[in-house]
Student: 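The structure is given below, and queries will be raised subsequently.
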Amino acid sequence: MTGYPPDPASLGLRESHTFDRATIAGIQRAAMTGVYDIRGGGAKRRLPHFDDLLFLGASMSRYPLEGYRERCDTDVVLGDRNAKYPLRLAIPVTIAGMSFGALSAQAKEALGRGASEVGTSTTTGDGGMTPEERGQSKHLVYQYLPSRYGMNPTDLRKADAIEVVLGQGAKPGGGGMLLGQKISDRVAQMRTLPAGIDQRSACRHPDWTGPDDLAIKILELREITDWEKPIYVKIGASRTYYDVKLAVASGADVVVVDGMQGGTAATQDVFIEHVGIPTLAAIPQAVQALRELGLHRKVQLVVSGGIRTGADVAKAMALGADAVAIGTAALIALGDNDPRYADEYAALGSAAGFYDDFQDGRDPAGITTQDPELAVRLDPAEGGRRLANYLRVLTMEAQTIARACGKSHVRNLEPEDLVALTIESAAMARVPLAGTTWIPGQGGLL
Amino acid sequence: MRYEQEAGARGRGSEAEIPSDRATVEAPQPFRIGESDPAGTPAGAAGAGASTAGTASTVTFDLGATTVRALNSELHAPSATSYEVLRPQGAHAIAAGVHAPLTIDIRGHAGYYCAGMNDGATITVHGNVGTGVAENMMSGLVRVRGDASQSVGATGHGGLLVIEGSASMRCGISMKGIDIVVGGDIGPMSAFMAQAGRLVVCGDAGDGLGDSIYEARIYVRGAVGGLGADCVEKEQRPEHLAELAELLTAAGIEPVGEYAPGRFRRYGSARRLYHFAAHNSTAY
């Protein structure tokens, strides 16, 4: 143990749960700087999540499929309600919206390469579409955000789908920010902003204010793109039941629901940890809203926020999602928080596995940066291969579970295949507590 | 400064009784261009959805008889260079997404997002418009002979947008390089987070003008209800007077007398909110 201080608990010291070390450090930091903590990533607090659910698997009452021989399909069609050209993806795992600006051009290209290799989509972000990203992405979803940074009709027509962003899980109700360290000349030029300023993105769209207006906005987007492209609406999970109903009423072909574990490039820590609801709590609300409208599976549901494994994919789909989106996990697949940069993380006052200063632009892995010397560390082709590998693993894991539950398509997984380990997760996911028939809260309105 | 509606333009009955929906507004005082503009001489309008009646090169769409979809579909893959839209009836997204140097005359009132994302066309609305006219315009010229609702020219990147009447709130919100000239007044929260471009207001501006403004420049001839966070009045230097004269001229207003550049005041960013800092906490 040379070099490590002794465990305080071994000395009989007791840490406060209320004022733990992270809380104390937060107070000290606030007192020192006078500015709130801005960081990247999603909620770090422990939350009811997919880990709290288990699949029952088949036995006497249900037939399983053979693990390696029997077919279990994974394809998904997104946005076939109105669009002439819906997205036809080979796997139900997509790449979530992340901006050029938040990420390097190389990282955006790597995401496109990885997604395209396995036949799924990637998504732009605040700040517009880069040629690298478009060129390497077979299916590219173009985000339409409140700031409209870099938004132009030429790129809109180049997109394969359009995602109207109302919010994200890390900060429902909040706009974006990109600190000056990351506003390189190219980023500034794309966003029509002076280089080096701390850039704020609006939280409200500039030319519509409610669902009735959004319906007209979506009509305009369809008109401009000649009714060719699916229109997604992305919401941060909060009042999900109502928001999904209104999104569909506004004309969404696909609804994307992002839970509070969903990541961000730069948001106040207080916002990330205290606003929004967990992904697990949001999915059943969204599915209920779609079912009541008679549009479940007709308006597709994409879920994001804390998807890490094929088990998470399978559980989200069993609860009623048509597909999932990954952001944080995709960055980790590219090399984020890699222990080989341990010394450099330490020099930044962080550590591999803990690094979340995506706002700072000094990412040793070269992903969340605009510093050319750091960015060059990520080879887009190699990053793309790693991401493709990871996406294949997610898919195979989800198929493994689906076959075990007797399903010939991952989409056929259903809530009846699931039980919950905790009362909280049973109530949120609306599946019975394991070994019981008890679904807490069943019978209530929501 | 207020434009006058023609007698009979208010409280009309069925749109179908008015074949052309023509000339609902007249150019307000400062706009010289209106005097030579035959605001209401539509080409053949009767019945057909689209026709080439009238001048040989002008294609006419009657939205009383055909759809916005048919119109926009044609405008996105144009077979002519000049178009006329009759009986727009307040429809939304009229002439949205045009990306060719067409001339389009809309004879009547349009709804939301008229000329949305225009890229290169010259579009004139001979009437009033709803929310978001010429939103995110890239290039070209959009002229509204009447009044406009909210979010005029929102997020526009380029081109010139002229509102001959007045505009409601959020005029020029988040503008990114577009030039906007308003003959009358503008409502509150205009030029919010305006990034680049010029906004010229010949009348008054409402509360919260230029809140969180970046590098856009605002010129107001009349009173300002109040300035938003980080927006300040700035000195009118010769280059500003010169660019204002150019903008007024381009909009069809002679920059003399009542409309001389010296009658306007200039507003822009104090650039105090460009970096997060503890002492700005009350501003964000």
Side-chain angles (χ1 to χ4, degrees), chain A residues 30 32-36 38 128 144-157 175 177 179-181 183 188-209 212-228 266 268 359, chain B residues 68-69 71-73 75-77 91-99 111-114 116-119 130-133 135-138 150-158 170 172-177 192-193 195-197 212 214-216 269 271 273-281 284:
Chain A
M32 183 76 73
T33 64
V35 185
Y36 44 43
I38 296 171
Y144 189 74
L145 294 122
S147 74
R148 312 272 167 89
Y149 289 139
M151 210 300 297
N152 65 75
T154 305
D155 287 345
L156 197 70
R157 283 186 283 266
M177 60 173 79
L179 300 189
Q181 301 92 306
I183 310 282
Q189 188 268 329
M190 279 181 70
R191 299 181 185 218
T192 325
L193 286 169
I197 68 165
D198 292 333
Q199 171 250 290
R200 305 150 281 172
S201 298
C203 64
R204 298 189 300 264
H205 279 261
D207 55 358
W208 62 269
T209 49
D212 294 338
D213 281 4
L214 176 56
I216 306 171
K217 171 52 71 177
I218 287 177
L219 175 76
E220 184 208 12
L221 293 171
R222 289 196 202 285
E223 279 296 319
I224 287 173
T225 55
D226 293 306
W227 291 73
E228 291 179 349
Q268 301 91 332
Q359 82 290 346
Chain B
V68 171
R69 180 79 288 266
L71 167 69
N72 287 336
S73 183
L75 295 177
H76 296 169
H92 304 308
I94 293 174
V98 179
H99 50 101
Y112 280 41
Y113 312 128
C114 180
M117 302 195 200
N118 178 43
D119 195 359
T131 294
V133 63
E135 62 88 14
N136 214 85
M137 176 154 71
M138 304 303 294
Q150 300 183 42
S151 303
V152 160
T155 75
H157 289 252
R170 303 191 184 98
I173 184 171
S174 200
M175 53 195 281
K176 295 167 168 49
F192 174 71
M193 292 182 88
Q195 294 171 229
S212 305
Y214 291 103
E215 294 295 300
S269 179
R271 304 189 179 96
L273 295 183
Y274 278 18
H275 295 278
F276 288 106
H279 61 264
N280 285 336
S281 61
Y284 44 69

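The chains referred to below are lettered A, B, ... by the order of the sequence lines, with proteins before strands, and numbering in each begins at 1.
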Student: Is chain A contacted by the side chain of B/Val98, its backbone, both, or neither, given a heavy-atom distance below 4.5 Å?
Tutor: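 Neither part.
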Student: Got a second to check how far A/Ile216's CD1 is from B/Tyr113's OH, nearest 0.5 Å?
Tutor: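 So the gap between those two atoms works out to 6.5 Å.
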Student: Which atoms of B/Arg69 come close to chain A, meaning under 4.5 Å heavy atom to heavy atom: side chain ones, backbone ones, both, or neither?
Tutor: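 Answer is both: backbone and side chain atoms of B/Arg69 are under 4.5 Å from chain A.
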Student: Is chain B contacted by the side chain of A/Ser147, its backbone, both, or neither, given a heavy-atom distance below 4.5 Å?
Tutor: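 It is the backbone, since no side chain atom gets that close.
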Student: Is a donor from one side chain sitting under 3.5 angstrom from an acceptor on the other, for A/Asn152 and B/His157?
Tutor: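 Result is no, nothing qualifies.
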Student: Chain A: which of B/Met138, B/Arg271, B/His76 shares the most heavy-atom pairs with it under 4.5 Å?
Tutor: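 Max contact count across the listed options: B/His76.
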Student: Taking side chain as everything from C-beta outward and backbone as N, CA, C, O, which of these in A/Pro194 sits under 4.5 Å from a heavy atom of chain B? Side chain, backbone, both or neither.
Tutor: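 Only the side chain of A/Pro194 comes within 4.5 Å of chain B.
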Student: Could you give me the CA-CA distance, side-chain angles and deciding distance for B/Ser174 and A/Arg148, then say whether side-chain contact (heavy atoms from CB on, under 4.5 Å) is met?
Tutor: CA-CA 8 Å; B/Ser174 200; A/Arg148 312 272 167 89; 5.7 Å; no
Student: Which heavy atom of A/Ile197 sits nearest a heavy atom of B/His275, and at what distance?
Tutor: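 Reported closest heavy-atom pair: CA-CE1, 3.7 Å.
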Student: Is B/Asp119 reaching over with its side chain to a backbone N or O of A/Pro153, donor-acceptor style, under 3.5 angstrom?
Tutor: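 No; zero donor-acceptor contacts below 3.5 Å.
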Student: Kindly say whether B/Ala96 contributes a backbone atom to a donor-acceptor pair with the side chain of A/Glu223 at under 3.5 angstrom?
Tutor: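 Between the backbone of B/Ala96 and the side chain of A/Glu223 there is no qualifying donor-acceptor contact (under 3.5 Å).
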Student: Out of A/Lys217, A/Arg222, A/Arg191, A/Gln199, return the one with the most heavy atom pairs under 4.5 angstrom to chain B.
Tutor: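 Highest number of pairs under 4.5 Å: A/Lys217.
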Student: Taking all atoms of both residues into account, what is the closest heavy-atom pair of A/Ile224 and B/Gly116, and its distance?
Tutor: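 In terms of heavy atoms, the two residues are closest at CD1-O, 4.0 Å.
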Student: With rounding to the nearest 0.5 Å, note down the distance linking CG in A/Asp207 to CZ in B/Arg170.
Tutor: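 With rounding to 0.5 Å, CG (A/Asp207) is 9.5 Å from CZ (B/Arg170).
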Student: Tell me the closest heavy-atom pair linking B/Asn72 and A/Asp226, and the distance in Å.
Tutor: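 Distance-wise, the nearest heavy atoms are O-OD1, 4.5 Å.
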Student: Compare all side-chain heavy atoms of A/Leu221 with those of B/Met117 and state whether any distance is below 4.5 angstrom.
Tutor: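 The answer is yes; the side chains approach within 4.5 Å.
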Student: What are the two closest heavy atoms between B/Gln195 and A/Tyr149, and how far apart are they?
Tutor: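 Heavy-atom minimum between the residues: OE1-CE2, 3.1 Å.
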Student: So for A/Arg157, is it side chain, backbone, both, or neither that comes closer than 4.5 Å to the heavy atoms of chain B?
Tutor: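 Just its side chain gets close to chain B.
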Student: On a heavy-atom basis, which atom in B/His92 and which in A/Leu219 lie closest, and how many Å separate them?
Tutor: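 B/His92 and A/Leu219 have their closest heavy atoms at CB-CD2, 4.2 Å.
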Student: Backbone N or O of B/Tyr112 within a donor-acceptor pair of the A/Glu220 side chain at under 3.5 Å?
Tutor: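 A pair under 3.5 Å: no.
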Student: Would you give the length of the straight line joining atom NE2 of A/His205 to atom CD1 of B/Ile173, rounded to the nearest 0.5 angstrom?
Tutor: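 Between atom NE2 of A/His205 and atom CD1 of B/Ile173 there are 11.0 Å.
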Student: For B/Tyr214, is it the side chain, the backbone, both or neither that has a heavy atom under 4.5 Å from a heavy atom of chain A?
Tutor: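 Only the side chain of B/Tyr214 comes within 4.5 Å of chain A.
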